[in-house]
Amino acid sequence: MDPEFRNAHFIISIFEAGRLPPEDLPEIALAGRSNAGKSSLLNRLVGRKDLARVSSRPGRTQSLNFFKVNSKFYLVDLPGYGFAKAPLKARKRWQKLIEHYLENRNTLKLVISILDIRRDPDEQDLSLFEYLYHLKRPLLLVLNKVDKIPQPKRAKRIKEIKTFLPSWLKEPVVISAKTGEGIENLKEHIINIGKYWMPNNN
Ligand SMILES: Nc1nc2c(ncn2[C@@H]2O[C@H](COP(=O)(O)OP(=O)(O)OP(=O)(O)O)[C@@H](O)[C@H]2O)c(=O)[nH]1
Ligand SMILES: [Mg+2]
C-alpha cells in the first residue's frame, strides 16, 4: 500500500463545534450525500475494512470522525446530508456542526466530495460545491460506485454527470470504494494536492 496512507487510527468523534480537537495537522474531509460511500472510501484509502463505520442504512455517520493517518494528516468523515428520514432537529444539529467546521477550521486543506455515480447531482450537491467555492476551500470531486455501471456505459455516464457540474470544478476522479478501482489514482491526486501542505516526516 502507498506509504502515505499506512497506519491509520481513530482519534475522536465530535458532536459539538466547541469540542473540536487541536489544529495540529492538515485535515482532509470527506463530504457528500448520505449513503454515497464516504466511510467506505475512508476505509479503502487506509486499507482497513472497518475503521469507519459503514451501513446500508443512510445516516450512519452522525458525528465528525477524525482518523490520524501516518502521523501526517487527518481524514475527517463527515455526516451525510440529504437524509430525509433523520429527525429535523438532528439534521439541523449536524448541519450547524458541519458548517462551523467548513467555515472555521484552519487546518482543513481539502474537501473530497463524493457522489454516487448512478445519481444525478441534485440541488444539495450543487449547493455544497458553491458553498465550498465561496469559502475558497479546495475541492476534489469523486464519483463512487463505478462497479455498478457496466464498463461500456461508463464514459457516457461520466459525461452526463459533468453536464450538471459547475465549469470551475476540476475533472472528477472515478472510483469504486467496493472493488478498489481508481483508488491508486485518487491517492496520487491527494498526494499531489498535498505536496503544498503535507508535513515531510517520512
Ligand atoms: N457497490 C458499491 N457499494 C458501495 C460502494 N461504496 C459504498 N457502498 C455501499 O454503500 C452503502 C453506504 O456506504 P457508507 O460508506 O456507509 O456511506 P456514507 O456516505 O458514509 O453514508 P452516511 O454515513 O450515512 O453519510 C453501504 O452499503 C456500502 O457498502 C461502492 O463503491 N460500490
Ligand atoms: Mg458514513
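Here, residue 1 is the first one in the sequence, and each next residue gets the next number. As the structure lists them, so they are numbered: ligands from 1, and atoms in each ligand from 1.
In terms of heavy atoms, Tyr101 sits closest to Arg137 at O-NH2, 4.1 Å.
Arg33 and Asp122 are joined by a salt bridge, as a carboxylate oxygen and a charged side-chain nitrogen come within less than 4.0 angstrom of each other.
Remark: ligand 1 and Asn144 share an N or O pair separated by less than 3.5 Å (distance only, no angle test). Residue Ala177 places at least one N or O, backbone or side chain, under 3.5 Å from an N or O of ligand 1. For ligand 1, none of its N or O atoms has an N or O atom of Val146 under 3.5 Å away. Between Arg53 and ligand 1, no pair of N/O atoms sits closer than 3.5 Å.
In this structure, Asn185 and His189 have side chains that are in contact, with non-hydrogen atoms separated by less than 4.5 Å.
Residue contact check: Ser40 has heavy atoms under 4.0 Å from atoms 6 (N), 7 (C), 13 (O), 14 (P), 15 (O), 28 (C) of ligand 1. Short contacts between ligand 1 and Ser176, defined as distances under 4.0 Å to a heavy atom of the residue, involve ligand atoms 31 (O). Below 4.0 Å from some heavy atom of Gly80 lie the following atoms of ligand 1, by number and element: 25 (O).
A salt bridge (Lys or Arg N to Asp or Glu O under 4.0 Å) with Glu27 is found for exactly one of Arg105, Lys68, Lys72, namely Arg105.
Between the side chain of Arg154 and the backbone N or O of Val146 there is at least one donor-acceptor pair closer than 3.5 Å. Looking only at distances, no side-chain donor or acceptor of Arg118 sits under 3.5 Å from a matching main-chain atom of Lys148.
At a 4.0 Å heavy-atom cut-off, ligand 1 touches Asn35 through backbone and side chain alike.
Taking 4.0 Å as the cut-off, Gly32 does not count as a neighbour of ligand 1 on heavy-atom distance.
Look at Ser39 and the Mg ion (ligand 2): an N/O/S atom of the residue is under 2.8 Å from the metal.
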With side chain to side chain contact (heavy atoms under 4.5 Å, CB included) as the test, would you mind laying out the steps for Ile112 and Ile190 before giving the verdict? CA-CA 9 Å; Ile112 300 180; Ile190 296 170; 3.6 Å; yes
